[in-house]
Amino acid sequence: MRGVRFGAALWIALGAAACGGGGSDTSPPVAPSTASPSPAAPTAVYAPPPLYPAKEAIAPLVPAVSGSATAFSVSPALPAGLAIDPRSGIVTGTPAAGFAPTDYTVSVTGPGGTTTATLRLGVEPVLAVSRMAVTGTSIHPRLTLDSAALGLDGTVHAVATDLGGLFGAPVAVTTSGGNHVLELATLTAAAIGTRTGRAVVRLCRDVDCTTPLPVPRVLVDYRVRFLSTGSAWPGDTLTPLSPLSGAPDWTTHQGNAAHTGYVPVTVDPDRFDTRWRITVPSIVGGFNGSSNLGTVTTEGGRVFRAAPDSVTARSEHDGSTLWTYSFAGLPYPSSNPPAVSNGVVYIAAGQQTSTFLFALDAADGSVRFRSSMTSQWDNYLAPTVGPSGVYTNAGTYGGLYAFDLQGTPLYFGATAQQSTWTPAVDATAVYAYTGDALRVFHPVTGALVSTIADPDFTSYIYEIGGSAVLGAPQSVFAAAYASRGVNVGPVRNALVHFDLRTNTVDWRIPGVYAATPAYDDGVVYAVNNNPLRLEARAESNGALLWSWTPPASADTEFASEVLLTRNAVFVSTNQSTYAIDRVSRRTMWSYPAAGNLALSRNGVLYISTQAAFGVAETTLTAINLK
């Protein structure tokens, strides 16, 4: 060892090994470590995206990743329509609905562990309006926002911007069921044709819209067809027929034996479309030819309508004729509107001593029975079918005929001599209003249960032109509707309410009530020609709850009974048919054809246009409501 020099570090190490504990250390030397350091956990950063529009594919949202990432997951789950790629972390998809900007936690996993990143997403609602409207009038679409999803609370203000110039700037905002509802209005100057575009509705905290909400706007894609009476037919939309949930068949005058005109369904005016339109023979009669003889009934995918001396069944699908039964073989051929029930069509036909109630098979028009009656050159509305029989206005000097469902006569009930009416029927009674009084008959024996006089009735003509309407139990509405056409001053009839608990007329509203009203849930909906308006009145006392006035200057009178759904009131003026929203009380849809209305179980609205004397043909229009 002599003569060899060691560096100090090595000397110290060797010396320590040689001298430790007074003995020799035989442990092997420790080699320096060659293991690689643990990799760092990966990270990801998502750039804050703009608010995406709903129902449109988003541009892929790609994270900036640092390190080695092998898996991505997100909590809470992304909204419907969006997904995260579990390997790349890229977010893609088409958001189904709008929602307020929300933070989502993305877990990023790699060999070195897991980190989290924040992903902030928000989506603007995109709503759609697809309507028909009569040119020169406004429609008022109501659009419901999901307040919880959009973070809306308290007072919300809205302003529309529409480069297409269809919607006005002011937007009313109301609340319904915990949600906010936008009510837009089209401009009345819109010309004939189809208008399409996208309106932007800003949502703000203040009237001046200087403080936007977290979701600052709603996009509204619209397509509105403006039509007039001279417009070309928009076209046939022969979608497959299927039941509209909750809708019964429209079996008689005003749809049912109570004549309420009410169909317990909710309709969506954005789904309305023209189905078919055909030319049909006109049928007129009574005073001024306006006795509602063109009404239709429906059952089993068939629509039934009378002609002057026949009745025809047509397919609801396309209006094609299925069968026709002619009354031309009678000594005095004539026909009246049909009723239909359980596969049988009931119709009063003929005059004088050759007047009959016919029962025809709804499938092929074959005769089930023919029961004799009498009449005096009168017309009648559709018979009414009840649990115990079928009932119709007839008689040489007026009256009520009752038959069982096999055609066997039950009784004849004497009434005042009036034409063009039909009784209302329930399980316990038959209700006949003939102007002078409301008479209540037993449905099987014909015993006169009660008579309630209408002391202010004036018989200008021998015609009623409508029916009694049953409200709540022991409550009946009626008017001498045909008197609307008599030029005797501003008051020509009255809407009358009969209280059967006290057998009295407990309220009456003078006016010019044009046709049978509709009823639902304590409210009667009646059309009045003076003043010209649809009126919603309280059943309890006749108080006016709200009204709607036809918007066009050419609308001078009403031409139909009232048809009612859960959310809409349908009426026809002399020019057009309108659907009025029961909540906003504004027009939601309109179409330039007028006439008697019916709504089938398949969700088809029928407009049976009336014609004046001497006009041989008219039209029957079918509108899809779903």
Side-chain angles (χ1 to χ4, degrees), residues 46-59 61 74-84 91-106 118-131 140-164 166-186 197-223 266 268-271 567 581 583-584 586 588:
Y46 289 88
L51 285 173
Y52 293 116
K55 303 176 184 177
E56 298 178 12
I58 69 171
L61 190 55
V74 63
S75 178
L78 295 179
L82 296 179
I84 187 169
V91 176
T92 58
T94 301
F99 58 91
T102 303
D103 288 336
Y104 297 87
T105 299
V106 178
T118 298
L119 169 63
R120 188 168 181 80
L121 289 174
V123 174
E124 299 171 326
V126 178
L127 306 177
V129 171
S130 179
R131 305 280 171 102
H140 299 261
R142 283 168 50 85
L143 306 175
T144 300
L145 304 179
D146 186 333
S147 298
L150 299 177
L152 303 179
D153 57 9
T155 301
V156 173
H157 298 273
V159 178
T161 302
D162 178 17
L163 298 179
L166 178 62
F167 290 108
V171 177
V173 184
T174 58
T175 57
S176 175
N179 290 321
H180 287 74
V181 180
L182 307 178
E183 183 184 307
L184 286 76
T186 61
R198 170 171 278 185
V200 176
V201 180
R202 292 181 291 152
L203 305 178
C204 311
R205 282 289 180 206
D206 58 314
V207 174
D208 296 328
C209 221
T210 58
T211 307
L213 292 168
V215 176
R217 65 180 194 170
V218 174
L219 307 177
V220 181
D221 292 331
Y222 62 82
R223 180 178 184 267
T266 299
D268 180 356
D270 289 317
R271 303 186 70 180
N567 66 319
D581 192 296
V583 174
S584 70
R586 294 178 179 271
M588 61 164 66

So, taking the atom named NE2 in H157 and the one named CG in L203, what distance separates them when rounded to the nearest 0.5 Å?
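Between H157 NE2 and L203 CG, I get 11.5 Å after rounding to 0.5 Å.
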To the nearest 0.5 Å, how far apart are CG in N567 and OG1 in T266?
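So the CG of N567 and the OG1 of T266 are separated by 5.0 Å.
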Check the pair V106 / T118 against side chain to side chain contact (heavy atoms under 4.5 Å, CB included), numbers first and verdict last.
CA-CA 6 Å; V106 178; T118 298; over 6 Å; no
Does [Y] offer a backbone N or O that forms a donor-acceptor pair with the side chain of [X] under 3.5 Å?
| X | Y | result |
| --- | --- | --- |
| D206 | T211 | yes |
| D270 | S130 | yes |
| D208 | T210 | no |
| D162 | F167 | yes |
| H180 | G154 | yes |

[X] vs [Y] side-chain heavy atoms within contact, under 4.5 Å:
| X | Y | answer |
| --- | --- | --- |
| T144 | S176 | no |
| T174 | R142 | yes |
| D146 | N179 | yes |
| V159 | C204 | no |
| P214 | P101 | yes |

Side chain to side chain contact (heavy atoms under 4.5 Å, CB included) for V91 and V74? Distances and angles first, verdict last.
CA-CA 10 Å; V91 176; V74 63; over 6 Å; no
Please indicate whether R271 has more than 12 foreign heavy atoms, meaning atoms of other residues, nucleotides or ligands, lying under 6.0 Å from its CZ.
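No, the 6.0 Å shell around CZ holds no more than 12 heavy atoms from other groups.
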Closest contact, heavy atoms only, [X] versus [Y]:
| X | Y | result |
| --- | --- | --- |
| L213 | R205 | CD2-NE, 3.2 Å |
| V129 | V220 | CG2-CG1, 3.9 Å |
| A158 | V201 | CB-CG1, 3.7 Å |
| Y52 | L61 | OH-CD1, 3.9 Å |
| V123 | L150 | O-CD2, 4.4 Å |
| G98 | A149 | O-CB, 3.8 Å |

Check D268 with R131, please: is the shortest side-chain N to carboxylate O separation under 4.0 Å?
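Here R131 does not pair with D268 in a salt bridge, since their nearest N and O are not under 4.0 Å apart.
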Please determine whether a side-chain nitrogen of the Lys or Arg among E124 and R198 lies less than 4.0 Å from a carboxylate oxygen of the Asp or Glu.
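Salt bridge flag = no for R198 with E124.
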How far apart are the C-alpha atoms of L121 and L82, what are their side-chain angles, what is the distance that settles it, and do they pass the side chain to side chain contact (heavy atoms under 4.5 Å, CB included) test?
CA-CA 10 Å; L121 289 174; L82 296 179; 4.1 Å; yes
In sequence, state the C-alpha distance, the side-chain angles, and the governing distance for E183 and D581, and then conclude on side chain to side chain contact (heavy atoms under 4.5 Å, CB included).
CA-CA 11 Å; E183 183 184 307; D581 192 296; over 6 Å; no
Given L145, which partner from the list L127, V156, V181 fulfils the side chain to side chain contact (heavy atoms under 4.5 Å, CB included) test?
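When L127, V156, V181 are each tested with L145, the side chain to side chain contact (heavy atoms under 4.5 Å, CB included) holds only for L127.
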